[in-house]
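Step one of this worksheet: look at the structure below.
Every chain is numbered from 1 and lettered A, B, ... according to where its sequence line falls, protein lines coming before strand lines.
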Number of protein chains: 2
Amino acid sequence: MKNIEEKLIEELVTGNCTPQISKLAKRLKEPATTIHYNIKRMEKEGKLLACKAVFDYKKINRGYCTYVLINLSPDEYGDPERLAKELSKFDEIESIDIITGDWELVLKIRTKDVDEYYAFLKSVLSRKGIERIKSLNTLKQVKTEFISI
Amino acid sequence: MKNIEEKLIEELVTGNCTPQISKLAKRLKEPATTIHYNIKRMEKEGKLLACKAVFDYKKINRGYCTYVLINLSPDEYGDPERLAKELSKFDEIESIDIITGDWELVLKIRTKDVDEYYAFLKSVLSRKGIERIKSLNTLKQVKTEFISI
DNA sequence: CATAAAAACCGAATATTTTTCAATTACATT
DNA sequence: AATGTAATTGAAAAATATTCGGTTTTTATG
């Protein structure tokens with residue numbers, strides 16, 4: 001066995017899918033070429049960013065999900081984007097938003113279990129610029145990425 | 001003009017895409033039939049739930065993004081899933097999680113603007129069972145659905 | 001450890017889908 | 001009304017997915 005699955009998941013989580021033009025054509029009762037044209041236009045305009053797979057994360061060893069609210073240190077406060085972009089390269093992080101209110105950033109993080117989360121916390125979320133964090137732990141995921149589970 | 005774009009976005013946000021088998025085969029340096037086999041297996045096992053498009057939501061009139069923390073009323077507290085499942089049918093809601101801590105639910109909501117959000121708030125988030133909410137408004141989306149913007 | 005059963009892998013052929021191309025039609029601007 | 005641009009479309013070509021049959025690998029069991 002080659003354990004292709006792991007590599008496949010990695011590729012599919014961030015892309016490597018494509019719209020099903022003929023299926024969409026049937027659903028919308030339009031010619032396939034028209035659907036094709038519209039999709040290509042959306043891509044060119046930067047509206048359509050990527051096509052990707054959504055998994056039942058519990059079944060692929062990413063069942064431990066946490067929202068992390070972050071307070072930045074005073075020197076980072078003026079430019080939260082710098083740190084946000086730095087964090088965005090980590091595969092464990094599903095989303096990063098800069099928000100209003102008591103916290104500056106909110107992350108959504110997926111790991112296998114609490115041990116892996118703790119390791120991530122220590123290695124990534126302890127860095128300079130992050131002053132304080134609050135973890136909201138997910139007990140059950142009902143809907144993700146617009147897909148109901 | 002037929003304004004196919006709106007309908008297409010609606011379809012693509014929740015599915016109607018498919019893995020690019022030959023592209024994946026090349027990337028992983030494996031035969032296409034092996035990739036095909038592995039993907040079908042993941043689908044059958046319920047690991048792979050859907051393939052879908054990710055948009056630059058600002059460019060498709062869904063640029064107003066809010067995290068909503070929810071406290072349930074005492075009578076709903078014991079079964080948060082009932083309300084969560086009821087909410088999951090709304091297209092504006094990207095994700096629903098049942099969480100630990102001071103709040104019971106966290107939603108991620110995408111609307112065109114604050115007016116649309118307020119309308120959603122009044123019509124959906126005022127329902128019985130929801131005792132108190134706190135909105136965290138997104139100023140900038142750096143990463144979404146594992147895709148950097 | 002031997003053997004059988006199940007699961008994973010893969011090349012060749014087939015079926016299906018996407019993409020290109022060359023019109024045609026709709027829309028906007030002057 | 002004239003003109004240029006954008007959107008739509010059918011037919012053909014190109015590319016891709018799927019099926020099939022057989023092989024190899026893994027797992028389960030005595």
Backbone of B:L28 reached by a side-chain donor or acceptor of A:K7 within 3.5 Å: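 Side chain of A:K7 to backbone of B:L28: no pair is present.
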
Closest heavy-atom pair and its distance - A:D97, B:Y67: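 Of all heavy-atom pairs spanning A:D97 and B:Y67, the closest is OD1-OH, 2.7 Å.
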
Gap between atoms [atom1] and [atom2], on [X] and [N] respectively (whole Å):
X	N	atom1	atom2	answer
A:E45	D:dA6	CD	P	10 Å
A:E5	C:dA8	CD	C1'	12 Å
B:L24	D:dT16	CG	P	12 Å
A:I35	D:dG10	CD1	P	12 Å
A:Y37	D:dA7	OH	C1'	5 Å
A:N16	D:dT16	CG	P	13 Å
A:N3	D:dT27	CG	C1'	16 Å
B:M42	C:dA7	CE	P	17 Å

A:Y117 and A:S135 side chains, donor-acceptor separation under 3.5 Å: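 Yes, A:Y117 and A:S135 have a side-chain donor paired with an acceptor closer than 3.5 Å.
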
Going from [atom1] on [X] to [atom2] on [Y], what distance comes out if it is rounded to the nearest 0.5 angstrom?
X	Y	atom1	atom2	value
A:I130	A:L72	CD1	CG	7.5 Å
B:K140	A:K85	NZ	NZ	6.0 Å
B:K108	A:S95	NZ	OG	4.0 Å
A:K47	B:I9	NZ	CD1	6.5 Å

Is the phosphate of [N], meaning OP1 or OP2, less than 4.0 Å from a side-chain N or O of [X]?
X	N	answer
A:R41	D:dA7	yes
A:S22	C:dT18	yes
B:N38	C:dA8	no

The side chain of B:P31 is closest to which nucleotide in this list: C:dT17, C:dC10, D:dT9?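 When the side chain of B:P31 is considered, C:dC10 is the closest of C:dT17, C:dC10, D:dT9.
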
Stepwise salt bridge (charged side-chain N to carboxylate O under 4.0 Å, His left out) test for A:E145 and A:K52: CA-CA 11 Å; A:E145 297 160 83; A:K52 56 154 292 173; 2.6 Å; yes

Scan nucleotides 19-21 of chain C against the protein and return all N/O pairs shorter than 3.5 Å with their distances rounded to 0.1 Å.
from   : atom 1 : to    : atom 2 : distance (Å)
C:dT19 : OP2    : A:H36 : NE2    : 3.3

Over its full length, what angle do the end axes of the helix from C:dC1-D:dG30 to C:dT30-D:dA1 make, each axis taken from five pairs and the result rounded to 10 degrees?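 Both end axes considered, the difference amounts to 60°.
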
Only one of B:T111, B:D115, B:N137 clears side chain to side chain donor-acceptor pair (under 3.5 Å) with B:Y64; which?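 For B:Y64, the side chain to side chain donor-acceptor pair (under 3.5 Å) test succeeds with only one of B:T111, B:D115, B:N137, which is B:N137.
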
